[in-house]
Amino acid sequence: MYEQENQPANFADIILPVPIPNMFTYEIPSDLMPSIGIGHRVIVQFGQKKVLTGIVGKVHQRPPQDYETKPILEILDDHPVVNPLQIKFWSWMAEYYCCHLGEVMNAALPSGLKLSSESNVQLNPEYDPSLKNYPMDDREIILLEKLKEKSELSYEDCNKLLGLKSAYTIIKSLVIKGAVLVYEQVKEKYSPKIENRIRLSSPYCEDKKELEALFTLLSKRPKQEDILLKYLQEVPIYKQPEANEKGLRKQVFLEAGLSGSSLKTLIGKGVFEEFEIIVSRFEQQPVTQTEIILSDGQQEAFDSIKSQFESKQTTLLHGITGSGKTEIYIKLIQEVMESGSQVLLLLPEIALTTQIVERLQKVFGSEMGVFHSRYSDNERVEVWQGILSGKYSLVVGVRSSIFLPFDSLGLIIVDEEHESSYKQFDPAPRFQARDAAIMLAWLHQAKTLLGSATPSFESYYNCRTDKYGYTSLFQRFGGAELPTYHIADLLADRKKNLLKLDFSRLLREKIQEALNRQEQVLIFQNRRGYSPFISCEECGWTPECEHCDVSLTYHQYSEEMRCHYCGFKDKVPKACPACGSNKLNTVGVGTERLEESLSLLFPEARIARMDLDTTKSKYAYQRIFEEFSGGNVDILVGTQMITKGLDFGNVTVVGIVDADRMLYFPDFRATERTYQQITQVAGRAGRRGKKGEVIIQTRKPDLPIFTQITGHLFHELYLQEMGERKRFFYPPFVKTIKVTVKHKDGRVSERAARHLSNLIKDISLKKIVLGPEKGLIAKLRNQYIYEIYIKVDRTGNIPAIFKSELQKIIFNLGTNKDFRSVRFVVDVDPY
DNA sequence: AGCACGCCGACT
DNA sequence: GTCGGCGTGCTC
């Protein structure tokens, strides 16, 4: 105590879950000083009364200059829940993706680890009603009366009680009069799973004679006797007396149809005692397979990856579907785990199926944690804690698992690295999990393996420029053959009247043949619902943008065609400019319509559909999947959901209904995506020794992309596409940033967007600014949306400087005059 | 983002 | 009058 005056005060910079830049400095009370550290959760007051959970980001002795500090109220954990590497990772993410640290924290922490407060009202014990200091009105009296009955009321309770939208003014008045107190209550959200258990009480559990005596006693109570017998059957206390300690789940008796009331009686008599234990929400997984045997090709790839890792932090495994990438992953994971490091295996959401999880669980058992987006918050907290405690050294999970509290990663594997779902769109941070994973690995001095049958052109470019290592695996595992491709010319068929309900003659024949052979068919159409574009029925012409290498999207309400990239607009032509035909149709076929068409064309076939609409409920996906793999369905129609990670052994025919639709998607990645989706779905055909056939329907069979796909000419396709991207300034040659401007008044929104666009143009760094243009959806949730696309030169740290300039501009615009309520959303590397 | 506070319009 | 809607400013 006597030394205190000489000691400098201690401060902590706290990350709070609020969208405001920077951390917040709080004072550390000296009694809390010994137990505080980076990554601890603390409770602090934020604003007038609200209390929040924050994370300690930094501890120091520098008192802030221009404001008073509040004290840290409480430290929540003995051990940090977040480690220093994570704080670094969060900071990187906030900076790179132009968002606030608090937003990253919000995304990173399972909400079960976040606490917030609720305001409660209680009677002031000092208050003496007889004094009648102030006159009370009716509602104040109602509230006070209620508080005499119930010791506390939440604001919500008060509102209900008084039938008001907000009882705030009344509560405030009572506070001023000294009648009530308002205080904040924090509630822990995570609740462990509790299991009720039963065990024999003393002396029965120790003394066999007592137990035998008990049996004699219970011989006239058959129901109670049954319960005792059941217990002894499940818990062998004669052989293992210590087994009684753990007891037996209470539920077991009820499941066995034994009487609950008799059990209660036995507990009442003191024969059994009831107790609770905290159990995991995840079942124990036994290890059933430890030895992985690689084929020669796999072994070669494995060795190659390892030697790449000697000089490169990141390596791409380009392995065709069915080449057995999973075995290579397992082998690598085993090695890294044996060396004592952690491993993260990232999978896109739709690929994180029970199939692959079960496969990995056989090898890694309970050392492996699974992190699924469908998990409840309590389950997420348990995975988090499982990593902290060292229970899990391998996690298989979706995008957000990069935020789990790893402290010694040795390897991150990003499977299906080309998947666009690795990019988070909506709430900030708008991160690309694959790219973030590479940064995370770098922070851990770990390696990253990107795996794909159809690599993203960006990753492949990084291989070609020697930034990443590269390993290919082009043999199918078990010697299975690659599928044969056929191109079906939709226009030719239409002219000959062979096109029936969107199915070409060839595809119909192939389906029929498969059905005759009792084999299965996949029909791929990446669209549900209807969002039509325009196409000439005669020649297949589709309008394209004059300034960009993308097709125009038809907007029915404004009767025009638009480019979503540069904002180019055009009127809908009356006749086709290519051939003069006036048969310009809106085209659009979704999975639902295909399902219907198939049932008309093949009335004897059993048809199912798998898309977002049919898999909304929790187990629907699994049900459809099992129906199909169990052979109860002949034809499965679906969106990209059917292209991922599923291994259907009996599929021999895959139909791609409309390849053109993918190709003319208004996006510079359209060609890349088309190639990827076709190749991915084609990979579902002809596994396990049966040769598969893939039928691609198109109106433009002569396009080079089709020969490139059917001839497996990935590299040629890549080179051609890179030429285009270089010419039109698209990634990877530039860095793209999208700014979305939102306001409920369309005029304000447009003015703000124009103003911003001009300010961006004034930044003296090499870049191209496109727009502002109305958003694809011009009005969303009563907000008018404008978008600005920026292509920034990516040499050196130009993008970083540009981003900080951009943020300054946006910040100033926010404080400025009439744009205060305008929202600006920055999306770095948008998809 | 929340939340307080203040101004203003609608309605018993 | 009173209620509640919304605009504005602030949070260590």
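Sequence lines set the chain letters: A, B, ... in the order given, protein chains first and strands last, and positions in each chain run from 1. All values below were derived from every heavy atom in this structure, side-chain atoms included, with hydrogens, water molecules and symmetry-related copies excluded. Computed from a predicted model, the values in this text were never measured in an experiment.
- Which of B:dA4, C:dT11, C:dC3 sits closest to the side chain of A:Y168 comes down to B:dA4.
- Heavy atoms of A:L16 sit nowhere under 4.0 angstrom from any nucleic acid atom.
- The A:K165 side chain lies nearest to C:dG5 when the options are C:dG5, B:dA1, B:dC5.
- Using the six-membered ring where Trp is involved, A:F24 and A:F46 have ring planes that are perpendicular, over 60° apart on the 30 and 60° scheme.
- Put simply, the residue from A:Q424, A:K423, A:Q432 that forms a side-chain hydrogen bond (donor to acceptor under 3.5 Å, both in side chains) with A:Y831 is A:Q432.
- Under 3.5 Å, the side chains of A:E184 and A:N120 contain no donor-acceptor pair of N or O atoms.
- Put simply, CD1 on A:I170 is 13 Å from C1' on C:dG4, counting in whole angstrom units.
- The phosphate of C:dC12 has OP1 or OP2 within less than 4.0 Å of a side-chain N or O from A:K70.
- A close approach under 4.0 Å does not occur between any side-chain nitrogen or oxygen of A:R139 and OP1 or OP2 of C:dT2.
- A:N22 has its CG atom 17 Å from the P atom of C:dC10, to the nearest Å.
- Within residues 46-56 of chain A, the residues having any heavy atom closer than 4.0 Å to DNA chain B are, in order of number, A:K49, A:K50.
- Atom CD in A:E103 sits about 11 Å away from atom P in B:dG2, given to the nearest Å.
- Distance CG (A:L162) to P (C:dG4): 11 Å, rounded to an integer number of Å.
- In this structure, the CD atom of A:E184 is 14 Å from the C1' atom of C:dT11, given to the nearest Å.
- Here C:dT8 is the nucleotide among C:dT8, B:dC5, C:dC12 with the atom lying nearest to any side-chain atom of A:R820.
- The aromatic rings of A:H372 and A:Y375 sit tilted, their planes meeting at an angle between 30° and 60°.
- Take the nearest nucleotide of DNA chain C for A:L164 and for A:M23: the residue whose nucleotide is more 5' is A:L164.
- Sorted by first and then second residue, the side chain to side chain donor-acceptor pair (under 3.5 Å) pairs with a member in residues 157-171 of chain A read A:S154-A:D157; sequence neighbours excluded.
- Toward the 5' end of DNA chain B, the nearer of the two residues A:R823 and A:S119, judged by each one's closest nucleotide, is A:R823.
- A:K172 has its NZ atom 16 Å from the P atom of C:dT2, to the nearest Å.
- Within the nucleic acid shown, A:E27 has no heavy atom closer than 4.0 Å to any nucleic acid atom.
- Paired with A:F406 under the rule side chain to side chain contact (heavy atoms under 4.5 Å, CB included), one option of A:V395, A:I412, A:L85 passes, and it is A:V395.
- Under the 30°/60° scheme for interplanar angles, the aromatic rings of A:Y392 and A:F282 are found to stand perpendicular.
- Here the closest heavy-atom approach between residue A:E103 and residue A:C99 is recorded as OE1-CB, 3.2 Å.
- A heavy-atom distance below 4.0 Å to DNA chain C is reached by these residues of residues 57-68 of chain A, ordered by number: A:Y67, A:E68.
- Per the geometry, CG belonging to A:L73 stands 13 Å off C1' belonging to C:dC12, to the nearest Å.
- Side chains of A:E118 and A:Y155: no donor on one and acceptor on the other come within 3.5 Å.
- Rounding to whole angstrom units, CD1 of residue A:I43 and P of C:dC12 are separated by 16 Å.
- Within 4.0 Å (heavy atoms only), A:T25 reaches at least one base atom of the nucleic acid.
- No more than 12 heavy atoms of other residues, nucleotides or ligands shown are found within 6.0 angstrom of CZ on A:R62.
- DNA chain C is contacted by both A:I20 and A:G163; A:G163 maps to the nucleotide lying nearer its 5′ end (nearest heavy atom per residue).
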